[in-house]
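Worksheet for the structure shown next.
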2 protein chains.
Amino acid sequence: MDHKINEINGYLVSIFNDVLMIEERTLRLSQFKDVSIKEMHTIDAIGMYQEHTTSEVAKKLGITVGTLTVSVNNLVRKGYVNRLRSEVDRRVITLALTKQGRLLYRLHDKFHRDMVRETIQEMSEEEAEVLMKGLVNLHSFLERTKEQIPE
Amino acid sequence: MDHKINEINGYLVSIFNDVLMIEERTLRLSQFKDVSIKEMHTIDAIGMYQEHTTSEVAKKLGITVGTLTVSVNNLVRKGYVNRLRSEVDRRVITLALTKQGRLLYRLHDKFHRDMVRETIQEMSEEEAEVLMKGLVNLHSFLERTKEQIPE
DNA sequence: GTCAAATAGTTTGATAGTCAAACAAAAAAG
DNA sequence: CTTTTTTGTTTGACTATCAAACTATTTGAC
């Protein structure tokens with residue numbers, strides 16, 4: 001049992017590191033050299049369709065609004081994000097991707113989808129279900145753990 | 001099929017973010033407030049038992065030796081790591097955890113082990129195997145992808 | 001044996017990412 | 001109308017990072 005725990009843990013840690021490293025290198029070699037992996041995740045959190053406010057995106061990313069403001073300053077300068085002041089409540093800023101930003105979003109999304117497709121492609125329907133069950137368990141453990149820890 | 005890919009991808013992304021956030025908050029609320037998540041990973045890479053050189057640890061973490069030197073300076077100052085100059089080759093530094101460092105290492109390790117134990121606890125032997133298979137597939141996809149991208 | 005080249009690690013300058021705290025503008029509450 | 005709350009921005013301090021210049025030591029060539 002302990003052996004299995006160590007093995008699964010090792011794979012998780014390794015997968016985690018690999019994904020980050022691959023995303024980072026892929027960006028650096030693409031036409032989007034000027035985007036860091038953190039900025040990529042910000043672009044991902046801003047998303048393609050709905051418009052999200054600064055507070056919403058910061059919460060989604062788990063960073064403070066101040067940190068996001070600084071990052072968005074850079075992403076606006078680089079041409080990936082637009083700031084739009086809400087007409088309804090003029091304190092509120094909604095963030096949206098530019099055409100460039102949407103292009104990058106789709107590239108990143110494709111990497112993620114390919115990764116998962118590759119993972120499950122040789123699995124049967126049942127096996128894919130079990131993998132999903134493992135992920136659901138892990139996710140629910142983490143959500144419960146998160147609740148127990150104050151902000 | 002596409003629906004399932006999106007669902008698995010969503011869980012993976014969410015799990016990644018949660019693990020990082022929980023590790024970060026847990027540290028901040030523990031007796032080890034002065035350790036960042038990156039420093040925690042450095043402590044993890046230095047490890048409990050064998051002694052590793054600066055170069056080895058930097059490679060394991062995927063950072064430059066210069067970056068590690070700076071980080072180790074802080075960890076030595078904070079009392080988690082010891083530098084030992086090799087008697088065999090006096091250019092070489094081996095890194096080792098202090099008593100405090102080992103205590104923190106075990107705390108972090110416990111979080112990881114609890115996380116995995118919880119994930120598989122209600123699974124049968126076969127289901128745990130399938131989960132493992134999914135992780136192995138994912139890992140092997142990532143290793144192959146990594147090879148295709150130059151440093 | 002000496003000197004050049006290679007190796008291991010450190011330092012430094014520049015930049016990004018982060019938070020907390022001080023701040024400004026607008027909306028909501030009284 | 002003020003006061004309080006909310007939303008976002010700016011700033012100061014610190015960590016994380018790399019590349020490049022640097023120091024100390026070992027290895028290799030002669």
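Letters A, B, ... are given to chains in the order of the sequence lines, protein chains preceding strands, and every chain is numbered from 1. If you're wondering where the values come from, they're calculated on a predicted model, not measured in any experiment.
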Exercise. Nearest-Å distance, CD1 (I37(B)) to P (dC19(C))?
Worked result: 13 Å
For this session: Figure out the CG/C1' separation between N74(A) and dA14(C), and round it to whole Å.
Result: 14 Å
Exercise. How about N73(A) and R83(A): does a side-chain donor come under 3.5 Å of a side-chain acceptor?
Worked result: yes
Problem set entry | Smallest separation among heavy atoms of Y105(B) and I43(B), with atom names | CD1-O, 3.9 Å
For this session: List in chain and number order the residues that pass salt bridge (Lys or Arg N to Asp or Glu O under 4.0 Å) with R144(A), two or more places apart in sequence or in another chain; answer none if no residue qualifies.
Result: E118(B)
Exercise. Between K59(A) (NZ) and dT7(D) (P), how many Å, whole number?
Worked result: 12 Å
For this session: Specify the separation, in whole Å, of atom CD of E24(B) and atom P of dC14(D).
Result: 18 Å
Exercise. Mapping K38(A) and V88(A) to their closest nucleotides on DNA chain C, which lands nearer the 5' end?
Worked result: K38(A)
Exercise. Does anything in residues 7-19 of chain B pair up under salt bridge (Lys or Arg N to Asp or Glu O under 4.0 Å), and if so which pairs, sequence neighbours excluded?
Worked result: K146(A)-D18(B)
Exercise. With clusters built from Ile, Leu, Val, Met, Phe, Trp and Tyr whose side-chain heavy atoms come within less than 4.5 Å, directly or transitively, what are the remaining members of the cluster of V130(A), listed by chain and number?
Worked result: V130(B)
Exercise. Please give, in whole Å, the distance from dT17(D) C1' to R28(A) CZ?
Worked result: 12 Å
Problem set entry | Under the ring-ring contact (aromatic ring centres under 6.0 Å, His included) test, residues paired with Y11(A) that sit two or more places apart | H139(B)
Problem set entry | Gap between atoms CG and P, on D34(B) and dA16(D) respectively (whole Å) | 11 Å
For this session: Ignoring backbone atoms, test whether S36(A) places a side-chain nitrogen or oxygen under 4.0 Å from the OP1 or OP2 oxygen of dG17(C).
Result: yes
For this session: For L27(B) and dT15(D), give me the distance from atom CG to atom P, rounded to whole Å.
Result: 15 Å
Exercise. Under the salt bridge (Lys or Arg N to Asp or Glu O under 4.0 Å) test, which residues partner E129(A), sequence neighbours left out?
Worked result: K4(B)
Exercise. If you find the nucleotide of DNA chain C closest to E87(A) and the one closest to T64(A), which residue's nucleotide is nearer the 5' end?
Worked result: T64(A)
Exercise. Tell me: CZ of R90(B) to P of dT27(D), nearest whole Å?
Worked result: 14 Å
Exercise. For every nucleotide of nucleotides 8-13 of chain C, 5' to 3': is a protein heavy atom under 4.0 Å from its base (B), only from its sugar-phosphate (S), or from neither (-)?
Worked result: SSBBB-
